[in-house]
Amino acid sequence: MTLQASQNHPSRVLVVDKYSESLEVLRTILELHGVSVLEARAADAGLEVVRTEHPRVVVLDLDDASSDEETIQSAFEDETRRCQASLVILGKARMAGNANGQVINKPYQYGQLVRTIERLLSR
Amino acid sequence: MASLFVIQGRDQGRRVDLERPVVSLGREGGNTIQLHDSEVSRHHAEVRNLDDSYLLVDLESSNGTFVNSESVAEHVLQNGDRVQIGRTLMIFTHAEDPAAIDLADDVDIVGKDRAAQGSQIVKSISHQEGSQLLHGIDGDGVDESESPWLARARSNLQIMYRTALAVSHTLDIDQLLQRILELIFEWVETDRGCIMLVDQESDELLPKVSRYGNHVREQQRERMKISRTILDYVMEHKEGVLTSDASEDQRWDPAASIVKMGVREAICVPMQGRYGIVGVIYIDTYTAPGRSIQRAPNKFSGEHLKLMVAIAHQAALAIEDTSYYSAMVQSERLAAMGQTIATLSHHVKNILQGIRGGSYLIDAGLNSNDQDVVRKGWSIVEKNQEKISNLVMDMLSFSKEREPDLAPADLNEVVGDCVELMQTRAEEAGVELTWEPAADLPELLFDSEMMHRAVLNVITNAIDACEKADQGRVLVMTEYRAAEAVANVSVADNGEGIAEQDIHKIFSVFESRKGNRGTGLGLPVSKKILREHGGDILVTSQVDVGSCFTLEMPAIIPEPAAPGETLTDFEL
């Protein structure tokens, strides 16, 4: 299993996750495949990383009941569209009209998530 | 928030907040409020939110839309409006602007100096004295000089007063009906009586309570048969009836059941509530089968009929109140249950996700012969096993009232074990966890298993609170105050602290401030355990400085064992 990096951009994935172990799991797995993983534990910090580091794929955990999910989703959609990055949302969000985006409902299988990231990186 | 609350019909107890711009009501599944009522059209009506008002619009339904019993095509809903569509009755509620209802501002309680106020109490009367208005002058008998009209009025007032007392403060409708029937038998010399209520599903009258007068001998009692003729008349005309001689009454067909069953006199009145007839009260005198009909003076009068109508109305109001209150309680209970299930599902889902992540890493590590990855995966699986175990234990602790299983135990040992268990987690979080046991703490009587859980939850909470601190520190101490017979465990952290206005919330169930990590059960469970021990948890906190939780419990010193009482004394 090899993740393809773009010719022009380093193969970088940003994982925005406040608490769960998925951050650790994803970092470990993706690093095994030679992908550089950026981490952010808060939405604001994540948006800043998108602006400055231009990751190819952003994985956003959007299943924290205390957050304003719609506002956060909208901000990430705008920013990833502007930076031409792909967005993967983990949670029960709905994404309309974003060809670069995908929603994966929880609880998900990591194989499915890794394959999705792999596909988005290979574009 | 405006809402519609179904108080009658198959959906009774359902409450729908009118959050959307348009809320549709109808029989079909696509409606915002689907009503299981065959008399409701598929798309019956809708409520449109127009800024601060709510407009109810009938969508040309077959059976119409009614507000406070008036047919409407459109109607701006007011707080308390009764909306009826089909057989479904709903109450519209809309909280007023708080500024507009602060009526207390209009009232001041002024100084105690009566003389300075220029007024004086000229007469006072006790509750007992006031109630004598309903009895005779002397409290029991009747004043001989009183006019018959006044005596009758007083008697009627007394009956209504006792009815009002009987129907107040009851949440058991069967008990209420029993009480009403007993009162009626005290006032009217009747042979039989029965109260029937309208079944909401079938619209049929169903008998709820019945009884015979004490003067009716056991052998004359048989299964009571109530005339459908008289019931139909009362329900159809919505009025009470008195018949003094059924066989001669023009209203009844000679072949009708009322005549055939030997009914001599009967009173049947509708139980008219605010929103319709909830049932009927029926009493009669009758000639038992096989007994010869004898002319006897009438026992029932127009006065009895009037009183029965008034009593039935009071009873109907009480039944409606009780019924709607029960429906509301049921609705709140279902909402709370739904909230609980949703919250627990959320936690279980996160734990499951963690286990899947750990398992995936183990699999990947095994495939790539990478022991580090396997270990990392196993560590995640273990953590989540611990989480699910804690969640289950907290749920069990919270779900039932139980007496602590008091036994002699060492509090230092229990707390020390908790600290040891949490050391790894503290290290991972970069938090320094320090433990200072009290040297003078004697062996005490407490439930060591429950106390272990209570202390563990509070320490876990303290470590999590230090997440954002540069150098997180948690200090756990025990203290024994012999003079006050109190032992306590204090857990102090230099974490983010809790704002004063939020402190009362932290012991509420599912009020976690830790997002996905917290179940919202830990602190409520700990407080419950301490309270079950006769103690409590005290909290002091300052934002950005830290918090201190003190688990305080009565220090009960175990009785010394009787001389010679050792394990070998027990027979196995």
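Letters A, B, ... are given to chains in the order of the sequence lines, protein chains preceding strands, and every chain is numbered from 1.
Here B/Leu361 contributes atom CG and A/Leu32 contributes atom CG; the two are 8.0 Å apart, rounded to the nearest 0.5 Å. Annotation: the span from B/Asn350 atom CG to A/Lys106 atom NZ amounts to 5.0 Å, rounded to 0.5 Å.
Residue-environment remark: CD (B/Glu500) stays at or below the threshold of 12 foreign heavy atoms within 6.0 Å. Applying the 6.0 Å contact sphere to CD of B/Gln471 captures no more than 12 heavy atoms from other residues, nucleotides or ligands. Within a 6.0 Å radius of CZ in B/Arg20, no more than 12 heavy atoms belonging to other residues, nucleotides or ligands are found. More than 12 heavy atoms of other shown residues, nucleotides or ligands fall within 6.0 angstrom of atom CD in B/Gln385.
Across all their heavy atoms, B/Lys349 and A/Pro107 have their closest contact at CG-CD, 3.6 Å. The shortest heavy-atom contact between A/Val25 and B/Gly358 is CG2-N, 4.3 Å.
In this structure, the side-chain contact (heavy atoms from CB on, under 4.5 Å) partners of B/Val545, at least two apart in sequence or on a different chain, are B/Gln542. Applying the side-chain contact (heavy atoms from CB on, under 4.5 Å) rule to A/Glu39 yields the partners A/Leu23, A/Arg27, A/Val37; only residues at least two apart in sequence or on another chain are considered.
Between the B/Arg356 side chain and the A/Tyr108 main chain, a donor and an acceptor come within less than 3.5 Å of each other.
With a 4.5 Å cut-off on non-hydrogen atoms, B/Asp372 does not touch chain A at all. At a 4.5 Å heavy-atom cutoff, B/Asp363 makes no contact with chain A through either its backbone or its side chain.
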